[in-house]
Participant: 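Structure incoming, see below.
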Number of protein chains: 2
Amino acid sequence: MAPSDTRTQILDAAEHLFAERGFRGTSVRAITDRAGANLAAVAYHFGSKAELLAAVVRRVIEPINAAQTAGLDQLLARNPEPTVTDLVEAFAGPLFDEMPAGDEGGARTSRLIVTILSDPAEEMRNWTGPAEDAIRDRYLAAFRRALPSLPEEELWFRMRGILAVTAVDRIQVYNQPNPAGVPPLAGEAARQWAITFLAAAMSAPPTQI
Amino acid sequence: MAPSDTRTQILDAAEHLFAERGFRGTSVRAITDRAGANLAAVAYHFGSKAELLAAVVRRVIEPINAAQTAGLDQLLARNPEPTVTDLVEAFAGPLFDEMPAGDEGGARTSRLIVTILSDPAEEMRNWTGPAEDAIRDRYLAAFRRALPSLPEEELWFRMRGILAVTAVDRIQVYNQPNPAGVPPLAGEAARQWAITFLAAAMSAPPTQI
DNA sequence: AGTTCAGTCAAACGTTCGTTTGAATCATCG
DNA sequence: CGATGATTCAAACGAACGTTTGACTGAACT
């Protein structure tokens, strides 16, 4: 435990609570209570609540970035012109993979991601860095080669569609028990369904205007 | 102005601010300031901040509900077995149509919808009522008839994909200027792109497991 | 033994929040 | 005109918030 233990316990607690209640909906007191730490520990270890959020986001996002990069590298090493389905899988797959122990089927991580993406709090907005930009641009270029007839704007729209589906997927958008007793989405099935769904969507012919 | 004017000015201000900063990120003071009303007016006209939110949501959601219902009615009157594309258009189209005056290309309304859908605040969760459930079930049944080979769970997953794309579409998910100087998404083009994207996604063959 | 220093702690600070209060204002109608 | 009921207003309430403070702890060093 080189990182002082309470530091990581605070990170764990904050990740859980930010995912569940959002940034503004989570008080520093709730975090330190859950972590079994003192209230002042957040200021001591992270400086402020906003900087704690940044640390939580970094810890969640970095493995996803690495997996997306590695996936594209492998694809391109094997074949300079990957299929749309391959690209979708390499890009969207890692968003389903991260399931820290104790996460209920990955739903909590998904929730955190969508909270990050859609939280209107100003602190949530400035988390993307050069790394995320570079990854997005590399995939954009690969998709452009795989879909040469697609106009740039529509390609850009579809890239965001991927993010929307993968981010929101496991949230109970219609917040009620699923109809007809459909069980909550299983992790692996959701991953496959998303890839099917998104590969078909990305492969659609350009919209006629 | 049968509804006492300040009442609707508060509704307008609240709609704008909830969309931009979320429920918890918007103070009652910010709302009444923007509305040019007194702080106590919210309590007087709506009872509480949470009830004000409910009123805002109702005002935004009801025209969408009506359009979705009317669209499906028209489709079924013309043909008892509508195509997937027709169903997608009737369901997702109204989510693009609502553009109150002063809305910058509908982006603000979209932002409000995604804020409603993904806001972790407890008050945001309990807005769906029997109306939304009924609409969703009718579309679910129509899609089921149009896609008879699709398992129930995957159909359900795809329905939520529609909501994810339509809700998140106009948010700058990667919050930075679009790459290569792509202009912000035009309202009508985004609507067409979304229908193309979603119709292809919905029409994909079932996932093989 | 004495010093140092990262870490923890209880307590308090000042601010902002949603809500309540009670008086003031206004239009309406007898 | 005077009374009534709806609406607006300035002011205050108590609670919760993020952050700061300064004393305390305990292991690691000379």
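Sequence lines set the chain letters: A, B, ... in the order given, protein chains first and strands last, and positions in each chain run from 1. Note that the structure is a prediction, hence the values are computed from the model and not measured.
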Participant: Answer yes or no: does a side-chain N or O of T6(A) lie under 4.0 Å from OP1 or OP2 of dG7(C)?
Facilitator: no
Participant: Please tabulate, one pair per line, all N/O donor-acceptor pairs under 3.5 Å involving side-chain atoms of residues 49-57 of chain A, not counting sequence neighbours.
Facilitator:
from: K49(A); atom 1: NZ; to: F23(A); atom 2: O; distance (Å): 2.9
from: K49(A); atom 1: NZ; to: T26(A); atom 2: O; distance (Å): 2.7
from: E51(A); atom 1: OE1; to: S48(A); atom 2: N; distance (Å): 3.4
from: E51(A); atom 1: OE1; to: S48(A); atom 2: OG; distance (Å): 3.2

Participant: Separation of L17(B) atom CG from dC17(C) atom P, in whole Å?
Facilitator: 12 Å
Participant: Determine whether a donor-acceptor pair (N or O, by modelled atom type, separation under 3.5 Å) exists between the side chain of E154(B) and the backbone of T207(B).
Facilitator: yes
Participant: Is there a side-chain contact (heavy atoms from CB on, under 4.5 Å) between L150(A) and M202(A) once you walk through the steps?
Facilitator: CA-CA 10 Å; L150(A) 202 63; M202(A) 289 298 289; 5.7 Å; no
Participant: Rounded to whole angstroms, how far apart are CG on L53(B) and P on dG18(C)?
Facilitator: 12 Å
Participant: What's the CD1-C1' distance between I31(B) and dT19(C), to the nearest Å?
Facilitator: 14 Å
Participant: Nearest whole Å is fine: how far is dT7(D) P from I10(B) CD1?
Facilitator: 12 Å
Participant: Polar pairs (N or O, both sides) under 3.5 Å between protein and nucleotides 25-28 of chain D?
Facilitator:
none

Participant: Mind checking whether W193(A) and F157(B) have parallel, tilted or perpendicular rings, split at 30° and 60°?
Facilitator: tilted
Participant: Thinking salt bridges, do R59(A) and D12(A) make one under a 4.0 Å N-O criterion?
Facilitator: yes
Participant: Need to verify one output field. Residue with the more 5' nearest nucleotide on DNA chain C, A37(A) or Y44(A)?
Facilitator: Y44(A)
Participant: Return the set of residues passing side chain to side chain donor-acceptor pair (under 3.5 Å) with S203(A) (not counting sequence neighbours), or none when no residue passes.
Facilitator: none
Participant: Look at N38(B) and dT7(D) and indicate whether a side-chain polar atom (N or O) is within less than 4.0 Å of OP1 or OP2.
Facilitator: no
Participant: What one-letter contact string describes nucleotides 16-21 of chain D from 5' to 3', where B marks a base within less than 4.0 Å of any protein heavy atom, S marks contact via sugar-phosphate atoms alone, and - marks no contact?
Facilitator: -BBBBB
Participant: Taking the six-membered ring for Trp, are Y139(A) and F91(A) parallel (under 30°), tilted (30 to 60°) or perpendicular (over 60°)?
Facilitator: perpendicular
Participant: Is there a side-chain polar atom (N or O) of H45(B) under 4.0 Å from OP1 or OP2 of dT8(D)?
Facilitator: yes
Participant: Find the distance F46(B):CZ to dT8(D):C1' and express it as a whole number of Å.
Facilitator: 15 Å
Participant: Which atom pairs, donor and acceptor, lie under 3.5 Å between side-chain atoms of residues 30-43 of chain A and protein residues at least two apart or in another chain?
Facilitator:
from: T32(A); atom 1: OG1; to: V28(A); atom 2: O; distance (Å): 3.1
from: T32(A); atom 1: OG1; to: R29(A); atom 2: O; distance (Å): 3.1
from: R34(A); atom 1: NH2; to: H16(A); atom 2: NE2; distance (Å): 3.3
from: N38(A); atom 1: OD1; to: A40(A); atom 2: N; distance (Å): 2.9

Participant: Taking atom C1' of dC9(D) as reference, at what distance in whole Å does atom CG of D33(B) sit?
Facilitator: 14 Å
Participant: Can you name the residues that form a side chain to side chain donor-acceptor pair (under 3.5 Å) with R145(A), not counting sequence neighbours?
Facilitator: E81(A)
